[in-house]
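Report on the following structure.
Bear in mind the structure is a predicted one, so any value in this text is a computation, not a measurement. All ligand and atom numbering here is 1-based and tracks the order in the structure. When a residue number appears, it is its place in the shown sequence, counting from 1.
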Amino acid sequence: MLVVANWKAYVEKVEKAKKLFSTAKRLATSTKVSIVLAPPAPYLGLLAPKNRSKVAFAAQDVSKMLGGASTGEVSAQILVSTGVQYVIIGHSERRAMGETREVIAEKMRHSVAQGLMPILCIGEADRDADAHYLTLIREEITSALAPLTEKQRMTVVIAYEPIWAIGKSSVDAIHDTDLQEMVLYIRKVLSELLPGKASARVPVLYGGSVDPSNIRSLAGGSGVDGFLVGRASTDPDSFTGLIKAVS
Ligand code: PGA
């Protein structure tokens, strides 16, 4: 099981970032769960370069630019040199700020070229009776993977995060059976984009109002390989509860 902790901008103090990192290191050693922390960029610079633990780091975003004269941008190359292994791309909160599918495809291309593993976020804003949201999911996956070679596509992690379920309480999270259906659908789309049985090895995560009270039931039987957790990952006790529940 893979758990990615998306701290967003919740963690506002260096001391808290360090405490969460210590908690994650302890849990990564005492359980079989693979833990990836996605802190804000300045904390990456603080925690990732000297990291020799089982915990891996993800950036919450990456520049679409290659580097050079791009004030304020953090390129894929800079992330790699900091010791970062993953990058979240296409999170709905970034899409809401105007990030287009073209920009996402560009970010995917630069990231894998530098050896970063992209965690591609996809998800519908709402569900319609005619299941048009399935077409949207297909398009989001297809457009993001389009610039990648078949080999590069094998390094991608997919995070299914329905927008209607993000940042709410656990009762608003997706139902287990609906999640199972979505995982199957995403795997079907992936099987059309990757050679042979390679798509079966692409991790599919779920995100959206996951907390210690619902993570176990979401994991059981749905076919997900892990979770992308926001708010509940930013408190040491609740993060410990999350990891213990799936270990
Ligand atoms: P949430 O966020 O766990 O706070 O709902 C998940 C996400 O947006 O990645």
Side-chain angles (χ1 to χ4, degrees), residues 1-12 16-17 20 23-24 27 33-41 43-44 55-62 84 86-99 104 107-108 111 117-127 133 136-137 140-141 144 156-176 178-179 182-183 186 203-219 222 224-246:
M1 197 59 39
L2 170 67
V3 175
V4 183
N6 178 10
W7 293 0
K8 306 191 181 187
Y10 285 121
V11 179
E12 294 174 330
K16 173 114 185 252
L20 283 165
T23 306
L27 291 165
V33 181
S34 302
I35 298 175
V36 178
L37 299 181
Y43 302 151
L44 280 176
V55 174
F57 281 96
Q60 294 180 12
D61 189 24
V62 63
V84 173
Y86 294 85
V87 57
I88 297 174
I89 296 181
H91 192 281
S92 60
E93 285 153 15
R94 301 229 57 90
R95 291 185 198 247
M97 289 176 210
E99 190 162 286
I104 288 165
K107 291 182 173 186
M108 294 287 288
S111 297
M117 291 177 275
I119 301 168
L120 173 69
C121 296
I122 54 165
E124 74 281 4
D126 43 43
R127 294 195 157 199
Y133 62 91
L136 175 122
I137 295 294
E140 285 186 346
I141 298 174
V156 173
V157 175
I158 303 286
Y160 171 59
E161 298 206 301
I163 298 168
W164 49 266
I166 293 178
K168 308 262 179 58
S169 70
S170 55
V171 291
D172 297 300
I174 196 166
H175 291 286
D176 313 5
D178 290 339
L179 180 55
M182 283 314 293
V183 173
I186 290 165
V204 178
L205 315 182
Y206 167 76
S209 300
V210 175
D211 71 18
S213 75
N214 65 1
I215 191 167
R216 199 198 298 258
S217 70
L218 287 168
S222 66
V224 285
D225 301 294
F227 297 91
L228 177 52
V229 188
R231 197 175 37 194
S233 74
T234 60
D235 170 77
D237 290 340
S238 132
F239 187 58
T240 302
L242 282 167
I243 301 297
K244 294 228 160 124
V246 289

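Proximity of Tyr86 to Val4: side-chain heavy atoms (C-beta onward) are nowhere separated by under 4.5 Å. Counting heavy atoms from C-beta on, the side chains of Leu228 and Ile88 come closer than 4.5 Å. Looking at Val156 and Met108, their side chains come closer than 4.5 Å, going by heavy atoms from C-beta outward. Counting only heavy atoms from C-beta outward, the side chains of Leu136 and Glu140 approach each other to under 4.5 Å.
Using the six-membered ring where Trp is involved, Tyr160 and Tyr206 have ring planes that are tilted, between 30° and 60° apart.
Under the side-chain contact (heavy atoms from CB on, under 4.5 Å) criterion, Asp211 pairs with Ser170, Ser213, Asn214, Ala232, not counting sequence neighbours.
Residues of the protein with a heavy atom under 4.0 Å from ligand 1 are Asn6, Lys8, His91, Glu161, Ile166, Gly167, Gly208, Ser209, Leu228, Val229, Gly230, Arg231, listed by chain and number.
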